[in-house]
Amino acid sequence: MRQAIALIVLLAACAGLALAQSPNDLMDGGTNALLATKQAFSISVNDEVTGGCLPRPNHLKDALEVSLRKNGFEIASDVPFGNEIVINALGYGYGANESLCAVTASVRLDFLVLVGVPHTVINNTAKDTIATFLVPVDTVLLTGPKNGIQERLEKSMADAGDRLFLLVSRARDDIFSKYPGIKASFEKQSGGSSK
């Protein structure tokens, strides 16, 4: 319950910060406005790979974490707003003795946003609710000998970490140049530079 209250207060503060510049700041910034202040993430892996094609699914998480840490992001198990990076791996073995594999892996960022709910027939006033916002980061489809799939997937996770860094960096460049007040607030809260 305490986390839910903190989440609502922080969402309201972020909305207030954006509105202090102009009522349309978040609308003008689009997804960049939502990504610019992301700094800490948790990572989870959904392993739906069969046939021994992904013997060490947690190594995907490790490869992604190393890439994110190298790029200056923080990793935590409990991050406000559900800043969770989700790795979904789906695949199977095929061929003689399942010596070949086909695996797809996707990486996305999920976080919570406060959104307005349209007027309803029952209640003619707008209400706000919390919804999950999904940002696709990367998707790969790999096929080939079983003995190389694990390493190729780990490499793709490192690449996904770099891709997420690029998405957030470009969002910061865009939003912080348009709205310096948001940059100053972010730097004050994060205790330094915006990287």
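Bear in mind the structure is a predicted one, so any value in this text is a computation, not a measurement. The first residue in the sequence is number 1, and the count goes up from there.
- The CD1 atom of I175 sits 8.5 Å away from the CG atom of L34 when rounded to the nearest 0.5 Å.
- To the nearest 0.5 Å, atoms CG (L166) and CG (D159) are separated by 12.0 Å.
- A salt bridge links R108 to D110: one of the charged nitrogens lies within less than 4.0 Å of a carboxylate oxygen.
- At a threshold of 4.5 Å between side-chain heavy atoms, the hydrophobic network of Ile, Leu, Val, Met, Phe, Trp and Tyr places V107 and L90 in two separate groups.
- Contact between K38 and V168 at its shortest, heavy atoms only, is O-CG1, 3.8 Å.
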Step by step, work out the salt bridge (charged side-chain N to carboxylate O under 4.0 Å, His left out) result for E151 and R56. CA-CA 10 Å; E151 291 75 20; R56 298 173 304 279; 3.6 Å; yes
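- Remark: the backbone N or O of G72 is paired with a side-chain donor or acceptor of Q39 at under 3.5 angstrom.
- With a 4.5 Å cut-off on side-chain heavy atoms, I43 and I87 count as touching.
- Separation of atoms NZ (K146) and CG (N97) is listed at 8.5 Å; rounding is to 0.5 Å.
- Not one N or O on the side chain of S106 forms a donor-acceptor pair closer than 3.5 Å with the backbone of T139.
- Using modelled atom types, one side-chain atom of S156 and one backbone atom of L153 make a donor-acceptor pair closer than 3.5 Å.
- Minimum interatomic distance between G161 and N71 (heavy atoms only, all atoms of both residues): O-ND2, 3.9 Å.
- Tracing side-chain contacts under 4.5 Å through hydrophobic residues (I, L, V, M, F, W, Y), one never reaches V86 starting from V137; they form parts of separate clusters.
- Residues L54 and I149 have side chains not in contact (no heavy-atom distance under 4.5 Å, counting atoms from C-beta outward).
- In this structure the side chain of T132 reaches within 4.5 angstrom of the side chain of L134, judged on heavy atoms.
- Taken from SG in C101 to OH in Y94, the straight-line distance is 8.0 Å, to the nearest 0.5 Å.
- A heavy-atom distance below 4.5 Å is not found between the side chains of F41 and E74.
- The distance from atom CG of D47 to atom CG of N88, rounded to the nearest 0.5 Å, is 10.5 Å.
- Once rounded to the nearest 0.5 Å, the distance linking CG of N32 with CZ of R172 reads 11.5 Å.
- Put simply, the side chain of L64 reaches to within 4.5 Å of the side chain of I85, judged on heavy atoms.
- Residues E98 and G51 approach most closely at OE1-CA, 3.4 Å, considering heavy atoms.
- The shortest heavy-atom contact between S77 and S42 is O-CB, 4.0 Å.
- A donor-acceptor pair is defined here as one N or O able to donate and one able to accept, closer than 3.5 Å; no such pair exists between the side chain of R163 and the backbone of A158.
- A salt bridge links K178 to D174: one of the charged nitrogens lies within less than 4.0 Å of a carboxylate oxygen.
- Considering every non-hydrogen atom in both N83 and A40, the closest pair reads CB-O, 3.3 Å.
- Linking ILVMFWY side-chain heavy atoms closer than 4.5 Å, directly or via other members, places L142 and M157 in a single hydrophobic cluster.
- A donor-acceptor distance shorter than 3.5 angstrom exists from the side chain of S99 to the backbone of A96, with no hydrogens or angles considered.
- Considering only heavy atoms from C-beta on, L109 stays 4.5 Å or farther from E84 through its side chain.
- Residue R170 places its CZ atom among 12 or fewer non-hydrogen atoms of other residues, nucleotides or ligands, all under 6.0 Å distant.
- By the 4.0 Å N-to-carboxylate-O rule, K70 lies too far from E65 to be salt-bridged with it.
- T104 places no side-chain N or O within 3.5 Å of a backbone atom of L141 that could act as its donor or acceptor partner.
- Taking the side chain as every heavy atom from C-beta outward, L68 and L164 approach each other to under 4.5 Å.
- Taking the six-membered ring for Trp and thresholds of 30 and 60 degrees, F73 and F165 have ring planes more than 60 degrees apart, a perpendicular arrangement.
- Under a hydrophobic-cluster definition in which Ile, Leu, Val, Met, Phe, Trp and Tyr are linked whenever side-chain heavy atoms come within less than 4.5 Å, directly or via other members, V103 and V140 are assigned to the same cluster.
- A 4.5 Å side-chain heavy-atom check between L112 and F133 finds every atom pair outside the cut-off.
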